[in-house]
Amino acid sequence: MKLSLKILFIAAGLVVMGCGGSGAGQSGVSQTTGWKYNDPKYGGFEVQDMHEPPTAPGMVFVPGGTFTMGAVAGDLTYDWNNKPRRVSVDSYYIDATEVRNVDWREYVYWLQTVFVSFPGLAQAALPDTLVWRKPLAYNEPLVEHYFRLPSFNDYPVVGVSWLQASEYCSWRTDRVNELALIRAGVLEFNVQEQKDANSFNTDAYLAGEYIGKVKRNLPDVSGRNPQGRRAGYEDGVLFPKFRLPTEAEWEYAAEAITADPNTGMYQKTAAWGGSRLRKPDGSEKGQLMANFQRGRGDRMGVAGGGDGGALTPVAVNSYWPNDFGLYCMEGNVNEWVMDVYRAMSSEDVEDARPFRGNVYTVVERNEAGRVVLDSLGRVKRDTLGYVKGRPNYTRGDNRNYRDGDMLSAINSQMDKEQRDSTANSNQMYYQGKGPLQEGMSTLVNEHSRVYKGGSFQDRAYWLSPGTRRFLDERMAKEDLGFRCAMDRLGAADFKKKR
């Protein structure tokens, strides 16, 4: 029990520990109280010093920065829904490629083998292969084989809704974190024993509601628990949650903006080299740099010409990566992002970490104060309304914030009963009832999600990172996939000036 956490984590090879300097855990002494860290005589408060968090499988680190977000080319659709403005994003991680068919099949397989009492989960997770059907085209081979045939393993999964993609992110979080705990020597493999609610969930593990097959608890430095303790985020073992990238993060990653170390000036250095569609140099000079439709009926070019196009998506690592190391940010398939669509988002959202779609939730607890789990072993959460004693907490659901409806204007002091009786926000977006609303309707509502990037069947205009379109989060398309993102917490990418 005297083995320190530092030694344990170094042996596990998960984190790089500090050994000097003046950081919070480096000196071993609190800068505010003078009490020692990691010492039972001083109370046993544990502090781990990490220089560099690990990178999750398949992801690339994107250093944060400032860029001009929005459509800088001509607005051919005259929507004016993404006006140029300067915004800043934090550093984060994003998948180097779009999520593949083989990745999604692994996801469905896990649902089938673990949640045996809920076969509908795996069924609901299957992509909608019927999106390939066209009334006047022979696409049945894609309907039957695109998702499952091994030759399509590395092709982007399509036919998945925004909601399905979000569920995949949650599943991936649990699988990666479970393996991290296994590699740290905290848990043992017990895949065969995991069934239904008795399966690993990151939130349930952190709440103490999932035990699993414990190999070795972490030593409790304080000595209060001789049996040791479970790992937490403070120990540097677990990863943050996988999620869809925000629209700003996606656009920033697609443009691959970096600074010239000689001048300090920001420059556009994406693989496309600006607005060019063909590779400007090298032995492949003149070849197209993305999978898109050149013109009416032209998706492949002349036979044998090596024009690089295809009638379907291509493998996710095709073409050349941009300067962040990301493949197919332009073309191949469009990609879901996390944001709710509003035409005026460029006028409303913040200029730091811009995002529309926040839905704040609270963990449900029983009368004894324990976290409540659902039938799948996941922590139950509830959308916040009015929170007593917190007048600054206006609404849990900010998808419609400042877009002109009644719910957006709710006063923070209004009690819960008044909130519940207020006109529903959907009345602004779906008007088909009442004498003054007959025949009025719109596709824009709180279920409308942004997608970006252009696809194999789009013209070059939609490949520009600043263009944006939207679709109901419950729908899917044959040219729409996604990639995951993850927060990079802390500012370890900035060098401390001395």
Side-chain angles (χ1 to χ4, degrees), residues 60-75 77-94 240-241 243-260 263-270 274 322-324 326 329-330 335-360 392-405 407-410 412 444 446 448-453 464-470 483 485-494:
V60 171
F61 172 68
V62 176
T66 299
F67 75 112
T68 300
M69 181 179 180
V72 295
D75 194 335
T77 61
Y78 297 98
D79 285 335
W80 304 113
N81 61 4
N82 202 15
K83 297 179 181 178
R85 72 276 190 198
R86 298 287 279 178
V87 301
S88 298
V89 296
D90 273 329
S91 298
Y92 58 100
Y93 300 94
I94 192 169
K241 294 181 179 180
R243 57 176 174 79
L244 293 175
T246 66
E247 182 177 6
E249 289 172 339
W250 191 97
E251 193 169 323
Y252 178 78
E255 292 189 9
I257 297 175
T258 59
D260 187 331
T263 64
M265 298 297 291
Y266 291 95
Q267 297 182 347
K268 178 80 165 60
T269 55
N322 66 17
D323 281 3
F324 286 155
L326 308 177
M329 293 297 287
E330 299 97 347
E335 299 180 18
W336 287 112
V337 298
M338 199 159 56
D339 292 58
V340 168
Y341 175 84
R342 290 293 183 272
M344 298 300 291
S345 285
S346 57
E347 302 287 341
D348 295 331
V349 296
E350 301 284 347
D351 59 6
R353 309 180 196 89
F355 170 67
R356 175 184 285 278
N358 283 311
V359 179
Y360 303 121
N392 59 321
Y393 223 124
T394 56
R395 276 292 296 182
D397 188 342
N398 283 348
R399 289 175 294 181
N400 299 317
Y401 180 68
R402 289 188 63 186
D403 60 4
D405 66 319
L407 203 59
S408 302
I410 288 178
S412 62
V444 177
E446 58 194 26
S448 304
R449 299 286 176 171
V450 178
Y451 68 89
K452 299 172 74 71
S464 174
T467 56
R468 63 200 301 249
R469 287 174 284 184
F470 66 94
R483 69 182 76 209
M486 176 187 288
D487 296 315
R488 165 63 175 261
L489 304 178
D493 51 304
F494 290 96

Are [X] and [Y] side-chain neighbours, meaning at least one heavy-atom pair lies under 4.5 Å?
X: Val87; Y: Thr66; value: no
X: Phe67; Y: Ser88; value: no
X: Arg449; Y: Val340; value: yes

Query - Short N-O contact, Asp348 and Arg356, less than 4.0 angstrom - result: yes
[X]: side-chain hydrogen bond (donor to acceptor under 3.5 Å, both in side chains) partners, not counting sequence neighbours:
X: Trp250; result: Glu335
X: Asp351; result: none
X: Tyr252; result: none

Query raised in the report: Which residues pass the ring pair (Phe, Tyr, Trp, His ring centres under 6.0 Å) test with Phe470, sequence neighbours left out?
Result: Tyr341
Requested in this report: With sequence neighbours excluded, tell me which residues meet ring pair (Phe, Tyr, Trp, His ring centres under 6.0 Å) with Tyr93.
Outcome: Phe61
Query raised in the report: What distance do Arg483 atom CZ and Ile94 atom CD1 have between them, rounded to the nearest 0.5 Å?
Result: 5.5 Å
Report summary line: Output for pair (Phe355 CZ, Thr246 OG1), nearest 0.5 Å, gives 7.5 Å
Report summary line: On a heavy-atom basis, the closest approach of Phe324 and Pro63 is CE2-CD, 4.1 Å
Requested in this report: Can you see which heavy atom on Asn322 is nearest to which on Ala253, and at what distance?
Outcome: ND2-O, 3.0 Å
For [Y], does its backbone N or O pair with a side-chain atom of [X] as donor and acceptor, under 3.5 Å?
X: Lys452; Y: Pro465; result: yes
X: Arg468; Y: Gly466; result: no
X: Ser91; Y: Gly64; result: yes
X: Glu251; Y: Gly70; result: yes
X: Asp339; Y: Glu247; result: yes

Requested in this report: Could you go through the side chain to side chain donor-acceptor pair (under 3.5 Å) check for Asn81 and Arg342 one step at a time?
Outcome: CA-CA 8 Å; Asn81 61 4; Arg342 290 293 183 272; over 6 Å; no
Query raised in the report: Hey, mind stepping through Glu347 and Arg85 against side chain to side chain contact (heavy atoms under 4.5 Å, CB included) and telling me if it holds?
Result: CA-CA 9 Å; Glu347 302 287 341; Arg85 72 276 190 198; over 6 Å; no
Report summary line: By side chain to side chain contact (heavy atoms under 4.5 Å, CB included), Thr68 pairs with (sequence neighbours left out) Val72, Pro84, Arg86
Query raised in the report: What residues, two or more places apart in sequence or in another chain, satisfy side chain to side chain contact (heavy atoms under 4.5 Å, CB included) together with Thr467?
Result: Tyr461, Trp462, Ser464
Query raised in the report: Tyr92 and Met486: side chain to side chain contact (heavy atoms under 4.5 Å, CB included), yes or no, with the steps?
Result: CA-CA 6 Å; Tyr92 58 100; Met486 176 187 288; over 6 Å; no
Requested in this report: Mind checking salt bridge (charged side-chain N to carboxylate O under 4.0 Å, His left out) for Arg353 and listing every partner two or more places apart, or none if nothing turns up?
Outcome: Asp90
Requested in this report: Could you list the residues that satisfy salt bridge (charged side-chain N to carboxylate O under 4.0 Å, His left out) with Arg243, not counting sequence neighbours?
Outcome: Glu249, Asp487
Report task. Decide side chain to side chain contact (heavy atoms under 4.5 Å, CB included) for Val337 and Tyr451; before the verdict, give the C-alpha distance in whole Å, the side-chain angles of both, and the deciding distance to 0.1 Å. Result -> CA-CA 6 Å; Val337 298; Tyr451 68 89; over 6 Å; no
